[in-house]
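Bear in mind that the values here come from a model prediction, so they are computed numbers and not experimental data.
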Amino acid sequence: MKKHIPIIFAMTLVSFASCKKDFIEQNNPNAVNVVDAFKSENDVLLAVNGAYTALRSSNNIGENSGLFTDERSDDTGRDDAQSNSGEPFQFGDFSILPSNTYLKAHWSNLYQTITRCNVITSNIDRVTFSNADIKEQYLAETKFIRALMYFQLVRKWGAVPLVTKQLTSNKEVTENTYRQSEAAVYAQIVEDLKAGLNSKLPNLQNGANAGRISKAAINGLLGQVYLTMYTTLADQKAENLANADTYLSAAYQMKPFGRLADVAYADVFDVNKKTNNPEIIFEIVNKQGDISYSSSIAANNQPLGETINSLKVTTGVGGNVTRDLVNEYEKNDPRAAFSIKFANSPQVQDYFITKYRDASSTASVNGYGGNNTPIIRYADVILMLAEVKMYQGNDALAIQYLDMVRERAGVPLYASARLTADYNSKYPTLKLAILHERRVELAFEHQRWFDLLRFFTTGELVAYFKAKPQSTFGNAKLANFSTKDRYFPIPLDEVKLDPARMYQNPGY
């Protein structure tokens with residue numbers, strides 16, 4: 001019988017793509033032995049580019065990965081419970097099974113990207129660099145990506161296997177495949193990110209280097225990590241909150257604009273203005289008109305009979321939006337008109353996503369759009385700073401940050417909004433007001449589920465969902481939501497291999 005080993009970390013042969021002028025323009029040659037792959041500085045660059053490329057997948061954190069975040073939240077969903085044997089529907093219905101193949105693909109892809117990073121960190125010393133700063137830059141980029149992957153894993157599954165070196169045998173893979181505590185995973189994330197702050201990376205990236213990490217990206221992610229640790233872990237709460245403030249403030253101070261209001265909201269997502277987008281800190285870059293590296297999100301979100309997103313003619317229902325989110329937008333909030341639309345086709349008759357658009361001739365009727373995938377942007381950092389200041393008891397400063405985003409959106413500032421009965425009844429506390437602002441500002445950017453996990457304890461989160469009307473969720477059953485849904489189940493194949501060390505999460 002063939003022995004089965006855990007899929008994570010099992011890749012000992014790596015394929016690295018060739019590098020052209022733009023780092024996302026890559027070919028995919030046959031796999032080569034790792035020892036032979038690391039001979040020159042360019043070989044390392046190819047490997048780092050390969051790690052970046054892995055992020056693009058819908059099974060990773062790419063533009064079409066909302067199944068694992070937005071559909072898990074109260075923002076998007078799907079009404080066809082039978083699509084793809086019902087497996088995607090399980091995410092929004094809170095009826096996900098450990099055997100779900102989409103869940104396993106996501107788990108596997110995140111770990112495969114970590115493996116790529118581990119191969120780089122384990123073999124980079126084989127290469128002699130003419131400039132030590134370049135080596136440190138490649139290490140900083142690699143460790144950032146590894147930290148980003150572990151940040152996804154620890155928030156979605158809790159305790160997970162933690163490996164930071166290349167594993168070269170089945171025995172090593174088996175020995176290292178066991179769940180380690182959330183605290184241990186967070187400690188590694190912090191260590192990886194802080195290492196990059198000592199590099200010569202620029203504060204922000206642009207031009208040909210758009211899509212690569214910067215010191216603002218490192219600071220922004222570090223701030224989010226510490227903020228999550230503050231609300232998630234029992235130990236070192238004061239220190240974690242102070243660190244969140246430090247690193248988010250550092251990222252904010254690197255902004256290339258004066259006021260957020262100087263950057264129009266629609267411009268942030270305009271494919272014709274993305275080259276000089278001052279709000280973006282880190283994003284996945286897509287190439288308009290390119291069959292391999294274009295964006296498909298505009299066309300994928302567009303339903304039958306609509307033309308606002310793309311020239312591509314589609315026949316489905318597009319990117320489904322819950323009525324719960326539709327009801328969240330304040331009256332006359334222009335972000336609503338920009339981000340969602342009601343489809344008038346008799347076959348659809350529902351709201352769909354319009355936040356990402358590319359109806360250009362270059363994108364063509366094939367829907368090869370140029371939309372980039374935002375991962376960290378300044379409105380996100382500003383609202384996290386509002387959150388930090390609120391936790392620190394400095395409501396006045398928290399409101400100042402909150403109002404930066406509201407001013408740019410063109411909605412009443414917080415003090416005025418609170419004078420209206422509807423706003424005050426929906427968001428009676430500053431905490432709920434910040435959560436609301438994050439929801440409407442960052443909709444469909446794969447942030448909402450993580451925000452809910454950070455803002456609420458498990459018990460509070462259950463109560464939050466249970467208080468929502470079923471009518472705003474379509475076919476997804478809110479009654480299914482319980483304490484188990486704080487985490488995903490560990491994929492069944494991993495648990496079966498070692499039920500003791502790869503134990504299942506409660507409730508599954």
Begin from the C-alpha positions of Asn505 and Arg179 and carry the test side chain to side chain donor-acceptor pair (under 3.5 Å) through to its verdict.
CA-CA 11 Å; Asn505 280 327; Arg179 299 181 68 177; 2.8 Å; yes

So which atom in [X] and which in [Y] form the shortest heavy-atom distance, rounded to 0.1 Å?
X      : Y      : result
Asn277 : Val268 : ND2-O, 2.8 Å
Phe269 : Glu445 : CZ-OE2, 3.4 Å
Leu248 : Val388 : CD1-CG2, 3.9 Å
His436 : Tyr427 : ND1-OH, 3.1 Å
Asn100 : Glu87  : ND2-O, 3.0 Å
Thr483 : Val462 : N-CG2, 3.7 Å

Quick check against the 3.5 Å criterion: does [X] have a side-chain atom that pairs as donor or acceptor with the backbone of [Y]?
X      : Y      : value
Glu172 : Thr168 : yes
Glu460 : Thr457 : yes
Ser295 : Asn372 : no
Ser249 : Thr246 : no
Asn209 : Gln205 : no
Asn475 : Arg78  : no
Tyr391 : Ala386 : no
Gln470 : Leu478 : yes
Asn243 : Tyr226 : no
Glu63  : Ile297 : yes

With Glu279, which of Lys274, Arg377, Lys255 fulfils salt bridge (Lys or Arg N to Asp or Glu O under 4.0 Å)?
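Of the listed residues Lys274, Arg377, Lys255, the salt bridge (Lys or Arg N to Asp or Glu O under 4.0 Å) partner of Glu279 is Arg377.
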
Side chain to side chain donor-acceptor pair (under 3.5 Å) between Thr113 and Asn60: does it pass, once the steps are laid out?
CA-CA 9 Å; Thr113 305; Asn60 200 283; 3.0 Å; yes

Is there side-chain contact between [X] and [Y], with at least one heavy-atom pair below 4.5 Å?
X      : Y      : value
Lys477 : Phe94  : no
Lys355 : Asn301 : no
Thr177 : Leu497 : no
Ile120 : Phe38  : yes
Ile281 : Met254 : no
Asn300 : Ile353 : no
Phe465 : Leu452 : yes
Ile490 : Trp157 : yes

Whether Tyr401 and Tyr252 hold their rings parallel, tilted or perpendicular, with breakpoints at 30° and 60°:
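Taking Tyr252 first and then Tyr401, their aromatic rings stand perpendicular (interplane angle over 60°).
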
How long is the gap from [atom1] on [X] to [atom2] on [Y], to the nearest 0.5 Å?
X      : Y      : atom1 : atom2 : result
Ile114 : Gln152 : CD1   : CD    : 10.0 Å
Asp74  : Trp449 : CG    : CH2   : 9.0 Å
Arg454 : Leu227 : CZ    : CG    : 5.0 Å
Ile189 : Leu162 : CD1   : CG    : 8.5 Å
Leu45  : Gln137 : CG    : CD    : 9.0 Å
Leu432 : Ile434 : CG    : CD1   : 9.5 Å

Walk me through whether Ile124 and Val44 qualify under side-chain contact (heavy atoms from CB on, under 4.5 Å).
CA-CA 7 Å; Ile124 194 169; Val44 179; 3.9 Å; yes

Output field: ring centroids Phe91/Phe488 closer than 6.0 Å
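Yes; Phe488 has its ring centre under 6.0 Å from that of Phe91.
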
Can you check whether Phe144 and Phe282 have ring centres sitting under 6.0 Å from each other?
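Between Phe282 and Phe144, which both carry aromatic rings, the centre distance is below 6.0 Å.
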
Under a 4.0 Å threshold between the charged nitrogen and the carboxylate oxygen, would Glu494 count as salt-bridged to Arg501?
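Between Glu494 and Arg501 there is no salt bridge, as every charged N stays at least 4.0 Å from the carboxylate O atoms.
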
Please determine whether a side-chain nitrogen of the Lys or Arg among Lys200 and Glu136 lies less than 4.0 Å from a carboxylate oxygen of the Asp or Glu.
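No, Lys200 and Glu136 are not salt-bridged.
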
So Ser40 and Asp43, side chain to side chain donor-acceptor pair (under 3.5 Å) or not? Walk me through it.
CA-CA 5 Å; Ser40 68; Asp43 291 335; 3.3 Å; yes

Counting only heavy atoms not in Lys237, do more than 12 fall under 6.0 Å of its NZ?
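Atom NZ in Lys237 is packed in, count exceeds 12.
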
Give a yes or no on whether Lys466 atom NZ has more than 12 heavy-atom contacts from other residues, nucleotides or ligands under 6.0 Å away.
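Atom NZ in Lys466 is packed in, count exceeds 12.
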
Is the terminal nitrogen or CZ of Arg323 (NZ for Lys, CZ for Arg) located under 6.0 angstrom from the six-membered ring centre of Phe473 and within 45° of that ring's axis?
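Cation-pi check for Arg323 and Phe473: fails.
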
Quick one, Glu437 with Arg335, criterion salt bridge (charged side-chain N to carboxylate O under 4.0 Å, His left out). Give me CA distance, side-chain angles, the key distance, then yes/no.
CA-CA 11 Å; Glu437 205 63 39; Arg335 291 171 295 189; 2.7 Å; yes

Evaluate side-chain contact (heavy atoms from CB on, under 4.5 Å) for Tyr293 paired with Arg56, printing each intermediate quantity in order.
CA-CA 9 Å; Tyr293 295 104; Arg56 299 172 55 84; 3.5 Å; yes

Evaluate the side-chain contact (heavy atoms from CB on, under 4.5 Å) criterion for residues Arg448 and Thr69: first the C-alpha distance (whole Å), next the side-chain angles of each, then the deciding distance (0.1 Å), finally the verdict.
CA-CA 7 Å; Arg448 175 63 174 174; Thr69 49; over 6 Å; no

For a side-chain contact (heavy atoms from CB on, under 4.5 Å) check, start with the C-alpha distance between Asn64 and Ser296, then their side-chain angles and the critical distance, and finish with the verdict.
CA-CA 8 Å; Asn64 293 311; Ser296 63; 3.0 Å; yes

Please tell me whether Asn480 and Asp93 have a donor and an acceptor in their side chains that are separated by less than 3.5 angstrom.
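There is such a pair (donor and acceptor under 3.5 Å, judged by atom type) between the side chains of Asn480 and Asp93.
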
